[in-house]
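This report concerns only the one structure given below.
The basis for the numbers below is simple: all heavy atoms, side chains too, and nothing from hydrogens, waters or symmetry mates.
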Amino acid sequence: VISVALDSIGRLYEKAKEVVREEEYFHYAYTDGLTGLLNRKSYEEKLEDLQVEHLFNDVVFIVFDINDLKLANDTLGHQAGDEIIIATAKIIKEVFGDLGICYRIGGDEYVCVIEKEVKEEKVKELLNTFEIKVAEWKGKIVPSLSVAYGYSIMNKKDANKIHKVIHLADEIMYFYKKNYHKNNEL
């Protein structure tokens, strides 16, 4: 009886270890190692899901792009670049994480997808909070942070236009990025 019980406990223990390993693999596959945000693969799967799901609310896409990441890397080193990549992710998650899902989809690119019912005024309020936190940020290596962003809202009936909606958010973000560089020429 004791032998059978020990054998059962051993099998349960091995099964538990296997489940933990699977969860770790899932985490590594869908999470950005530097920031802890979900990664591009996770984002692309979310976009696929949004195109086939029945949406109950409009969906807000906010895209972000760090200004001058290459300059920080080239002049201050990659630790400086990592510092602002991590800081940007932290601020995005802090401001938008309760409402949406935050992703790092490229070196200096992030997206927040908000599926919860939220008014555009609330989005603008959160973006204002984001701007304040970015402006207040001071790093150990990099003295300041600048992040361009844009947003657009996909009507719940227009999931088939998801890429147009994201493109619009990108266009708005690049408009602000262009103005940033125009106003901050060296």
Side-chain angles (χ1 to χ4, degrees), residues 20-50 59-115 123-152 163 166-186:
V20 168
R21 270 194 306 274
E22 287 175 12
E23 288 176 4
E24 287 175 350
Y25 293 147
F26 181 85
H27 176 77
Y28 291 129
Y30 289 94
T31 305
D32 177 66
L34 184 61
T35 64
L37 296 180
L38 293 173
N39 64 17
R40 181 178 203 92
K41 178 177 178 47
S42 182
Y43 173 66
E44 289 171 351
E45 288 184 12
K46 177 51 129 180
L47 294 182
E48 289 175 19
D49 291 347
L50 287 172
V59 179
V60 179
F61 293 90
I62 309 171
V63 295
F64 305 87
D65 194 289
I66 299 171
N67 291 319
D68 296 328
L69 176 62
K70 183 177 179 349
L71 180 65
N73 278 332
D74 291 349
T75 59
L76 301 171
H78 288 279
Q79 272 189 309
D82 287 352
E83 181 181 56
I84 58 177
I85 288 169
I86 293 166
T88 301
K90 182 180 176 192
I91 295 170
I92 290 170
K93 186 163 179 113
E94 185 179 321
V95 175
F96 300 98
D98 288 341
L99 276 181
I101 305 170
C102 305
Y103 304 87
R104 179 177 177 216
I105 61 168
D108 61 354
E109 301 170 7
Y110 306 81
V111 176
C112 182
V113 178
I114 302 173
E115 294 181 79
V123 174
K124 290 178 179 179
E125 179 185 309
L126 290 170
L127 286 167
N128 186 55
T129 300
F130 175 78
E131 286 179 11
I132 291 167
K133 289 185 176 293
V134 166
E136 291 174 346
W137 182 85
K138 304 286 183 247
K140 293 180 180 174
I141 304 169
V142 181
S144 64
L145 178 63
S146 176
V147 181
Y149 62 82
Y151 77 93
S152 60
H163 293 289
I166 295 166
H167 181 73
L168 176 60
D170 273 335
E171 290 295 316
I172 294 167
M173 183 268 301
Y174 283 117
F175 171 80
Y176 286 117
K177 192 168 191 73
K178 183 179 177 182
N179 280 344
Y180 167 81
H181 286 290
K182 184 176 158 184
N183 294 329
N184 293 287
E185 289 181 18
L186 300 176

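- When the options L34, N73, V142 are evaluated for a side-chain contact (heavy atoms from CB on, under 4.5 Å) with D82, the one that passes is L34.
- Annotation for A80 and I141: closest pair CB-CG2, 3.6 Å, computed over non-hydrogen atoms.
- Between E109 and V63, the closest side-chain pair of non-hydrogen atoms is not below 4.5 Å.
- Side-chain atoms of E131 and V147, non-hydrogen and from C-beta on, never get closer than 4.5 Å to each other.
- A pairwise comparison of heavy atoms in I85 and G107 identifies CD1-O, 3.6 Å as the closest pair.
- Partners of D74 by side chain to side chain contact (heavy atoms under 4.5 Å, CB included), not counting sequence neighbours, listed by chain and number: K70.
- For Y176, the OH atom counts as loosely surrounded, since its 6.0 Å shell holds 12 or fewer non-hydrogen atoms of other residues, nucleotides or ligands.
- Remark: K41 NZ to I105 CD1 distance equals 15.5 Å, nearest 0.5 Å.
- The residue from D65, I66, D32 that alone fulfils the side-chain contact (heavy atoms from CB on, under 4.5 Å) condition with Y110 is I66.
- The two atoms that bring L168 and S152 nearest to each other are CD2-CB, 3.9 Å, heavy atoms only.
- The NZ atom of K90 sits 12.0 Å away from the OG1 atom of T88 when rounded to the nearest 0.5 Å.
- Partners of Y149 by ring pair (Phe, Tyr, Trp, His ring centres under 6.0 Å), not counting sequence neighbours: none found.
- The minimum heavy-atom distance linking I92 with C102 is given by the pair CG2-SG, 3.8 Å.
- Residues N184 and D68 fail the side-chain proximity criterion, which asks for heavy atoms closer than 4.5 Å.
- By the 6.0 Å contact criterion, NZ on K140 is open, its count of non-hydrogen atoms from other residues, nucleotides or ligands being 12 or less.
- The closest donor-acceptor contact from the side chain of N39 to the backbone of A29 lies under 3.5 Å.
- In this structure Y151 satisfies the ring pair (Phe, Tyr, Trp, His ring centres under 6.0 Å) test with no other residue, sequence neighbours excluded.
- Taking all atoms of both residues into account, the shortest heavy-atom contact from A72 to I84 is CB-CD1, 4.0 Å.
- Shown here are the salt bridge (Lys or Arg N to Asp or Glu O under 4.0 Å) partners of K46, two or more places apart in sequence or in another chain: E115.
- Not counting sequence neighbours, F61 has no partner by the ring pair (Phe, Tyr, Trp, His ring centres under 6.0 Å) test.
- Across V123, I172, V111, a single residue satisfies side-chain contact (heavy atoms from CB on, under 4.5 Å) together with I62, and that is V123.
- Around the CD atom of Q79, the shell of radius 6.0 Å holds no more than 12 heavy atoms that belong to other residues, nucleotides or ligands.
- Separating the OG atom in S42 from the CZ atom in R104 is a distance of 14.5 Å, to the nearest 0.5 Å.
- The shortest distance between side-chain heavy atoms of I91 and L145 falls below 4.5 Å.
- With rounding to the nearest 0.5 Å, the separation of OG1 in T129 from CD in E125 is 6.0 Å.
- With sequence neighbours left out, Y103 forms a ring pair (Phe, Tyr, Trp, His ring centres under 6.0 Å) with Y43.
- Nearest heavy atoms, I86 versus T35: CA-CG2, 4.4 Å.
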Audit row: L127, F96, side-chain contact (heavy atoms from CB on, under 4.5 Å) steps and yes/no: CA-CA 9 Å; L127 286 167; F96 300 98; 3.7 Å; yes

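- The local environment of CG in N183 is crowded, with over 12 non-hydrogen atoms from other residues, nucleotides or ligands closer than 6.0 Å.
- Side chains of E83 and L76 form no contact here, defined as non-hydrogen atoms less than 4.5 Å apart.
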